[in-house]
J.: 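Structure in structure tokens, see below.
Numbers here simply count residues along the sequence, with the first being 1.
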Amino acid sequence: MNNHKHKRRAIVILNYLSIILILIIFYLIKLLGINKIYLLFELLPMVVLIMSFKSAFLNTNFWKMTHTSSKNLDERELQVVYKATTFSYTIFTIACLIIIYTFNLIGLGSIDVVLAVCLLYFAHTLPAAIISFTEK
């Protein structure tokens, strides 16, 4: 495996770790009743999220590939996108169920808008992330 693919994978992982860090900071502040001014600590992972998104998904054209009409893809690209989308939505469904049950069991209440936005982001980027990990 070449160094470029390793770097691409590392950036995708960094992207998702930044989302997790945003959620951790948000829920720690919310659950511990800490002053909301500390939400400013989310700025650093948000910057990392934006920079890694650009590098992992936009510069590689994986975002464009997974968000393009099937009419504009060749047969190989269609197969790659279909396989990645199928696999990613399986992962997404399992992740959502785990989150919903965890929230319910721990007593965190309903899923709020911050987690919903993060899940929406995850759903839209996961097919491109799968392609990043599986394709040359």
Side-chain angles (χ1 to χ4, degrees):
M1 189 176 334
N2 64 27
N3 191 30
H4 184 68
K5 192 170 184 178
H6 280 300
K7 183 179 177 185
R8 196 173 65 214
R9 287 179 175 179
I11 294 170
V12 169
I13 291 168
L14 179 64
N15 184 265
Y16 288 134
L17 287 175
S18 63
I19 284 283
I20 292 168
L21 188 55
I22 288 168
L23 288 169
I24 289 171
I25 292 169
F26 176 78
Y27 282 106
L28 280 177
I29 290 170
K30 181 179 178 180
L31 295 174
L32 298 176
I34 299 172
N35 190 327
K36 291 189 187 332
I37 190 73
Y38 290 103
L39 286 172
L40 289 173
F41 284 121
E42 291 193 338
L43 289 176
L44 180 61
M46 282 185 193
V47 168
V48 172
L49 176 74
I50 292 166
M51 303 274 294
S52 60
F53 174 82
K54 183 179 180 210
S55 182
F57 302 119
L58 294 182
N59 292 348
T60 60
N61 286 323
F62 292 147
W63 175 266
K64 182 179 179 185
M65 178 189 280
T66 58
H67 288 82
T68 294
S69 170
S70 61
K71 298 171 192 162
N72 298 329
L73 298 173
D74 64 31
E75 188 174 317
R76 183 191 171 284
E77 290 170 330
L78 274 172
Q79 289 175 350
V80 168
V81 170
Y82 176 76
K83 183 174 127 184
T85 303
T86 302
F87 187 58
S88 67
Y89 286 113
T90 301
I91 293 170
F92 180 74
T93 301
I94 293 168
C96 283
L97 288 172
I98 290 170
I99 290 168
I100 290 167
Y101 284 122
T102 301
F103 265 62
N104 192 13
L105 290 173
I106 295 176
L108 292 175
S110 60
I111 293 175
D112 56 33
V113 71
V114 175
L115 181 56
V117 167
C118 290
L119 286 172
L120 184 62
Y121 176 83
F122 185 57
H124 277 279
T125 59
L126 195 54
I130 299 295
I131 292 171
S132 182
F133 270 77
T134 59
E135 293 298 311
K136 295 177 182 177

J.: P127 and A84: which non-hydrogen atoms are nearest, and at how many Å?
T.: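 Looks like O-CB, 3.5 Å.
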
J.: Begin from the C-alpha positions of F122 and I19 and carry the test side chain to side chain contact (heavy atoms under 4.5 Å, CB included) through to its verdict.
T.: CA-CA 9 Å; F122 185 57; I19 284 283; over 6 Å; no

J.: Quick check: do D112 and Y27 have side-chain heavy atoms less than 4.5 Å from each other?
T.: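 Result yes, sub-4.5 Å side-chain heavy-atom pair found.
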
J.: Taking atom CZ of F41 as the centre, report whether more than 12 heavy atoms of other residues, nucleotides or ligands fall under 6.0 Å from it.
T.: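 Atom CZ in F41 is not crowded, with 12 or fewer foreign heavy atoms closer than 6.0 Å.
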
J.: Give the intermediate values and the outcome of side chain to side chain contact (heavy atoms under 4.5 Å, CB included) for residues Y121 and N15.
T.: CA-CA 11 Å; Y121 176 83; N15 184 265; 2.8 Å; yes

J.: Quick one: CG on L126 to NE2 on H124, what's the gap to the nearest 0.5 Å?
T.: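 Spacing of CG (L126) from NE2 (H124) equals 11.5 Å.
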
J.: Measure the acute angle between the ring planes of W63 and F53, then classify it against the limits of 30° and 60° as parallel, tilted or perpendicular.
T.: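 Plane angle over 60°, so perpendicular.
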
J.: Hydrophobic clusters here meaning ILVMFWY residues chained together by side-chain heavy-atom distances under 4.5 Å, can you tell me if M46 and F26 are in one?
T.: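 Both belong to a single hydrophobic cluster.
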
J.: Donor-acceptor pair, distance only, cut-off 3.5 Å: does the side chain of S55 make one with the backbone of M51?
T.: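 Between the backbone of M51 and the side chain of S55 there is no qualifying donor-acceptor contact (under 3.5 Å).
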
J.: Could you walk me through whether L119 and F92 satisfy the side chain to side chain contact (heavy atoms under 4.5 Å, CB included) test, starting with their C-alpha distance in whole Å, then the side-chain angles of each, then the deciding distance to 0.1 Å, before giving a yes or no?
T.: CA-CA 8 Å; L119 286 172; F92 180 74; 4.2 Å; yes

J.: Report yes or no: do F133 and F57 belong to one cluster of Ile/Leu/Val/Met/Phe/Trp/Tyr joined by side chain heavy-atom distances under 4.5 Å?
T.: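 Same hydrophobic cluster.
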
J.: Is E135 paired with R76 through a side-chain N to carboxylate O contact shorter than 4.0 Å?
T.: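 Salt bridge present between R76 and E135.
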
J.: Same hydrophobic cluster for L17 and L120, using side-chain heavy-atom links shorter than 4.5 Å among ILVMFWY?
T.: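 Looking at the clustering, L120 is in a separate group from L17.
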
J.: With side chain to side chain contact (heavy atoms under 4.5 Å, CB included) as the criterion, how do T66 and T85 come out once you've worked through the C-alpha distance, each side chain's angles and the decisive distance to 0.1 Å?
T.: CA-CA 8 Å; T66 58; T85 303; 5.5 Å; no

J.: Nearest 0.5 angstrom please: I98 CD1 to T93 OG1, how far?
T.: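 It comes to 11.0 Å.
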
J.: Distance check, rounded to the nearest 0.5 Å: C118 atom SG versus I20 atom CD1?
T.: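 Result: 9.5 Å between the selected atoms.
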
J.: Are any non-hydrogen side-chain atoms of I25 and P45 less than 4.5 angstrom apart?
T.: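 Side-chain contact under 4.5 Å: yes.
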
J.: Taking OH in Y89 as the centre, count heavy atoms belonging to other residues, nucleotides or ligands within less than 6.0 Å. Is the count above 12?
T.: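 Count over threshold, so yes.
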
J.: Using 0.5 Å steps for rounding, measure from the CD atom of E77 to the OG1 atom of T68.
T.: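 Reported to 0.5 Å precision, the distance equals 8.5 Å.
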
J.: Going from CG on L78 to NZ on K71, what distance comes out if it is rounded to the nearest 0.5 angstrom?
T.: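 Result: 12.0 Å between the selected atoms.
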
J.: Any idea which heavy atoms bring T60 and R8 closest together, and the distance?
T.: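 Scanning both residues completely, I find the closest heavy atoms to be CG2-CD, 3.8 Å.
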
J.: Once you round to the nearest 0.5 Å, how far does CG of L28 lie from CG of L31?
T.: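 If we round to the nearest 0.5 Å, L28:CG and L31:CG are 7.0 Å apart.
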
J.: Please tell me whether S70 and Y82 have a donor and an acceptor in their side chains that are separated by less than 3.5 angstrom.
T.: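 No, because no side-chain N or O of S70 sits under 3.5 Å from a partner of the opposite role on Y82.
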
J.: Quick one: closest heavy-atom pair of S52 and L49, and the distance?
T.: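 That closest heavy-atom pairing would be OG-O, 3.2 Å.
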
J.: Could you tell me if the side chain of V48 sits less than 4.5 Å from the side chain of L21, heavy atoms only?
T.: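 No, too far: nothing below the 4.5 Å cut-off.
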
J.: Verify the neighbour count for atom CD1 of I37: are there more than 12 heavy atoms of other residues, nucleotides or ligands below 6.0 Å?
T.: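 It does not: I37 CD1 has 12 such atoms or fewer within range.
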
J.: Is there a continuous path of hydrophobic side-chain contacts, each under 4.5 Å between heavy atoms, that joins I111 to V113?
T.: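 The answer is yes; both residues are in one hydrophobic cluster.
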
J.: Please check if Y16 and I131 belong to a single hydrophobic cluster, counting links between Ile, Leu, Val, Met, Phe, Trp and Tyr side chain heavy atoms closer than 4.5 Å.
T.: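 No, Y16 and I131 fall in different hydrophobic clusters.
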
